[in-house]
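Just so you know, these numbers come straight off a predicted model, no measurement behind them. Per chain, numbering begins at 1; letters A, B, ... match sequence-line order.
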Amino acid sequence: MRVYYYTRDGVVMAVDNVDLSMKQGETIGLVGESGSGKSTLGQAILRLVPPPGRIIGGKIIFDGLNLMKLSEEEMRRIRGKRISMVFQDPMTSLNPLMRIGDHIVETIMAHDNLTRKEAEEKAMKILEQVGIRSERFMDYPHQFSGGMRQRVGIALALALNPDLVIADEPTSSLDVIVQFQILDLMKKLKDLYGMGMILITHDISIVPGIADKVALMYAGQLVEFADVKSFFNEPLHPYGKALLESIPNIQYSDQKLKYIPGNPPDLINPPKGCRFSPRCPYATERCREEEPPTIMVGRRRLVKCFQY
Amino acid sequence: MANLTAPRMITSMLGKISPRRGAEGLFVTIGLAIILTFIFMAILAPILAPYDPNETRVGGLYESPNPKFPMGTDRLGRDILSRIIWGSRTVLIVTFLSMVLSSACGVILGLISGYVGGKFDTILSLFMDSLYAFPGLILAIALAVMLGQGIIPVTVSLTVVYVPIYFRMIRGEVLSIKESLFVEAAKAIGAKGKTLIFKYIFPNVIPSIPIVLSLNAADAVLTLAALSFLGLGLPAHIPDWGFDLRMGYGALTAKIWWPGTFPGLMIVLLTLGFSLFGEGLAEILNPKLSRR
Amino acid sequence: MPLLKVIDLKKYFPVQQSFLERLLSRKLDYVKAVDGISFEAEKGEVFSIAGESGCGKTTTGRLIVRLIDPTEGKIFFNGADITCLSGEELRKLRKRMQIIFQNPYASLNPRMKIGENVGHPLEIHGIAYGREKEKLVMEMLEKVGLQPASKFYNAYPHELSGGQRQRVAVARAMILKPDFIVADEPISMIDVSLRARILELMIQLKEELNLTYLFITHDLAVAKYISDKIAIMYLGKIVEMGEKEVIFSDPKHPYTNALLSAVPVPDPNVKRKRVMLKGEVPSPINPPTGCRFHTRCPLATDICRREEPKLVEIDDNHFVACHMIK
């Protein structure tokens with residue numbers, strides 16, 4: 001998968017040669033800093049990269065279907081119905097003049113062949129599942145708090161019982177306690193509906209609580225892909241290692257943080273060779289010259305580094 | 001800004017024709033070229049103009065364009081080309097003077113009003129808004145009638161028309177910048193009011209001035225022409241496109257097109273030059289606005 | 001004598017009303033952003049205020065550096081009452097008390113070079129001009145790790161990354177060699193990989209310049225890492241306060257408990273007992289009567305609804321405001 005942004009300053013290689021696969025019902029935590037391309041990758045799966053971004057190449061195989069080859073109309077039927085999205089601020093995706101319940105009813109009726117009555121019943125049920133009482137069905141989005149809005153966002157994403165939900169920083173604008181509530185809710189609903197999920201986040205701390213796998217991105221590339229346990233026990237890529245050592249952990253009492261020197265690279269002119277090499281403590285001459293291949297370590301673990 | 005709709009329409013139409021990317025650079029270049037040509041013409045008027053613009057009967061009456069009089073002669077037998085060249089001087093002097101005066105007044109008042117706030121701001125804003133609510137041309141006509149003919153009265157009435165535009169823009173910017181974090185940070189390091197205005201607020205409003213300046217200039221050219229067209233602008237001995245347009249207009253019915261067309265063309269060209277320059281500048285200086 | 005002492009500090013903001021609302025009711029509503037908090041910070045320590053958004057922690061920081069005026073209460077700095085300072089005296093106070101803001105993208109003047117941004121405090125207070133100013137700024141830039149300093153000196157803020165800008169903000173706050181710094185969420189808007197660098201820098205400068213920090217954060221893991229003492233705020237009130245070790249190992253207030261257990265841990269092997277609270281923080285315009293936390297508290301009883309609990313010292317230097325904790 002490649003997505004480039006054409007700006008007047010040059011071509012930003014937001015996502016560059018990323019290969020990723022997931023199984024039905026699995027949850028992947030897609031982690032990276034701002035500008036790592038994690039959100040762009042999420043948008044690209046739904047073919048919703050905003051201009052001046054363009055998908056340059058690659059394939060998205062979803063349930064045996066190459067999404068890149070579908071017509072716009074076929075793609076529209078996939079969006080929402082089979083793959084849906086949860087946004088950081090659901091307020092931006094809700095129509096302020098439309099009642100909460102109607103949002104969900106409309107979504108259901110746009111895809112499913114149901115009468116209004118049936119759709120309303122279904123919407124009520126979903127709202128209840130996300131913890132919104134039925135008397136709030138007639139309220140408008142602005143009457144909802146941040147956490148409640150995110151619950152509506154989740155209800156909207158689940159309305160059509162999709163196979164895959166892409167959640168882009170769903171808890172980043174929420175406080176810890178509400179974040180905890182929402183993550184817990186998402187976990188419960190995931191078990192209930194059995195759908196797969198891609199959780200896009202910059203906060204690696206929330207990943208172990210909800211995901212099965214971690215996909216770590218740096219500067220538009222996937223640098224490590226592993227199951228949660230093995231990644232957090234022993235991250236293979238130096239970036240993953242450094243990242244875990246740089247975040248304060250409330251479990252420790254005498255933690256010594258190690259920081260990552262330098263800055264994230266400029267994606268118009270990414271560094272030659274491995275993109276992490278200018279900041280990597282283990283970097284060799286080869287890392288600065290050649291791009292490392294993505295190597296399979298163990299049975300299902302990928303890492304993009306010369307060390308392995 | 002209601003006053004600026006005409007020039008804006010022209011450029012937005014052009015923007016649709018030319019490709020989006022890089023168009024702003026082209027706008028600025030073409031606009032600047034036009035403006036510079038006119039400035040050049042105005043400065044070198046005594047050398048460039050083949051005849052005295054006020055001398056009657058240098059040729060026949062209503063001579064059509066010919067090698068001796070490339071734009072023909074008017075009803076008094078004056079050379080139209082010479083009148084156009086001298087007229088550019090008049091237009092540019094009035095436009096530049098009124099722009100300098102109105103921007104200076106508007107910017108200073110807007111800065112103070114926005115920063116001080118309170119009653120002073122309320123009263124001044126109310127006054128400026130009521131001036132602004134008048135259609136520019138009608139206000140200019142009223143003032144010109146009161147002040148009489150001549151370069152200075154016309155300049156003053158144009159100045160009054162454009163002060164509220166600068167005032168409103170600057171005041172609005174000051175109000176938002178005043179609340180910004182870096183101004184709060186400056187307070188936290190102990191900066192005084194004067195320092196806040198001149199080092200923190202003013203430099204951040206400067207970028208929007210040239211854009212409005214240029215667009216207003218385009219509008220001022222039109223307003224001045226309109227005043228002269230109505231006979232309210234300048235005395236007859238000062239060559240002026242608007243007045244000539246009026247005179248030529250009368251001859252149109254007799255199928256004599258040259259005395260009206262050339263001054264009219266000049267008005268359009270100069271307006272276009274200023275608007276292109278202003279719009280292009282806006283795109284370049286405020287790329288965030290246009291990228292959306 | 002504590003360096004900073006705050007007694008019963010309050011800040012009420014009037015709620016913006018429309019014209020019609022003003023006609024219909026005489027009563028003005030207030031957002032009780034900070035509603036009677038008291039604490040002390042000793043010289044050389046890091047005192048953290050932690051809580052969720054809307055708890056009043058940022059307002060507290062702004063009140064203390066006197067960017068906004070308190071509705072009630074007193075602030076003592078180094079023994080002197082600074083609550084009502086104004087004009088020249090307030091400007092003098094700025095030399096000793098500085099603030100670092102959350103948003104490094106908005107806190108620097110975009111039209112000033114980095115060197116001028118950092119050096120301006122020196123000029124304002126008449127400490128150094130021209131060459132001498134430049135020398136001091138260069139030293140400071142080196143100290144915050146912006147090297148080579150001469151390159152950064154002439155750059156404009158938009159040419160720098162968020163992490164670098166925050167280092168500039170740190171440099172600007174430190175250049176007057178203050179005693180006390182309010183750091184308002186200084187790392188929350190910075191790229192994850194650069195946060196540790198800023199934290200380390202702040203700790204290192206604190207040692208070097210013998211500073212005292214009031215560190216405001218929503219992230220308890222960060223609070224635990226950097227502080228000596230912590231106060232937990234909820235809806236404008238301090239609910240629990242004490243030494244870091246005590247707060248994290250033996251939290252008493254049910255809100256502190258819930259807050260701590262909601263903090264995500266980057267370790268899949270840890271299985272924690274987790275307390276989940278229902279609902280969200282109520283509006284600070286009409287906060288609940290009695291204990292403000294009673295609407296969500298698992299331990300709430302009648303007295304909690306009626307009476308507001310006082311912040312009492314239950315153990316040496318450990319304060320809790322809860323009827324159920326004795």
Side-chain angles (χ1 to χ4, degrees), chain B residues 107 110-111 114-119 121-122 125-126 129 169-170 172-213 281-292, chain C residues 58 61-62 64-68 85-113 116-127 156-158 165-166 168-176 178 180-184 189:
Chain B
V107 169
L111 265 177
Y115 183 76
V116 175
K119 283 243 163 58
D121 178 48
T122 315
S125 302
L126 209 64
D129 282 350
M169 181 195 77
I170 297 292
E173 297 245 324
V174 170
L175 285 184
S176 76
I177 291 172
K178 201 167 79 168
E179 297 300 318
S180 66
L181 195 60
F182 67 85
V183 172
E184 194 174 357
K187 279 184 202 156
I189 57 172
K192 289 180 195 156
K194 213 171 65 190
T195 323
L196 285 180
I197 294 188
F198 290 113
K199 288 206 103 162
Y200 286 82
I201 297 176
F202 185 52
N204 285 290
V205 300
I206 291 177
S208 33
I209 298 176
I211 301 161
V212 183
L213 203 67
L281 215 57
E283 298 262 327
I284 290 169
L285 293 179
N286 273 335
K288 269 183 226 134
L289 270 175
S290 58
R291 252 185 225 172
R292 241 182 264 150
Chain C
T58 293
R62 291 201 156 136
I64 288 170
V65 293
R66 295 290 324 279
L67 280 171
I68 46 178
L85 291 188
S86 66
E88 206 47 38
E89 285 171 297
L90 184 60
R91 282 190 355 101
K92 277 201 194 113
L93 177 73
R94 305 273 188 230
K95 256 199 272 189
R96 311 199 44 204
M97 208 183 223
Q98 276 297 314
I99 181 164
I100 298 167
F101 295 96
Q102 177 180 12
N103 186 348
Y105 295 92
S107 68
L108 302 174
N109 186 349
R111 301 266 149 203
M112 269 188 183
K113 288 179 179 166
E116 293 169 56
N117 260 305
V118 174
H120 202 212
L122 294 173
E123 285 182 354
I124 287 174
H125 292 280
I127 295 169
Y156 281 95
H158 69 90
R165 287 186 210 203
Q166 197 60 303
V168 173
V170 170
R172 178 176 61 186
M174 304 279 181
I175 199 149
L176 292 169
F180 179 76
I181 287 187
V182 171
D184 184 6
M189 286 185 72

Segment of [X] engaging chain B (4.5 angstrom heavy-atom cut-off):
X        : value
C:Glu123 : side chain
C:Leu108 : backbone
C:Arg66  : neither

Under the 3.5 angstrom rule, does the side chain of [X] hit a backbone N or O of [Y] as a donor-acceptor pair?
X        : Y        : result
C:Arg165 : C:Pro157 : yes
B:Thr195 : B:Ala191 : no
C:Arg94  : B:Ile189 : no
C:Gln166 : C:Phe101 : yes

| task | Give the intermediate values and the outcome of salt bridge (charged side-chain N to carboxylate O under 4.0 Å, His left out) for residues C:Glu116 and C:Lys113. | result | CA-CA 5 Å; C:Glu116 293 169 56; C:Lys113 288 179 179 166; 5.1 Å; no
| field | Contact winner vs chain B - C:Ile99, C:Val65, C:Leu67, heavy-atom pairs under 4.5 Å | value | C:Leu67
| Cationic N near anionic O, under 4.0 Å, C:Glu89 to C:Lys92 | no
| How many angstroms lie between CG in C:Asp184 and CD1 in C:Ile64, if you round to the nearest 0.5 Å? | 11.0 Å
| message | With no hydrogens and no angle check, just 3.5 Å: does a side-chain donor-acceptor pair link B:Ser125 and B:Asp121? | response |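 The answer is yes; a qualifying pair exists.
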| Using non-hydrogen atoms and a limit below 4.5 Å, what part of residues 173-185 of chain B faces chain C? |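 From residues 173-185 of chain B, the residues near chain C are B:Leu181, B:Phe182, B:Glu184, B:Ala185.
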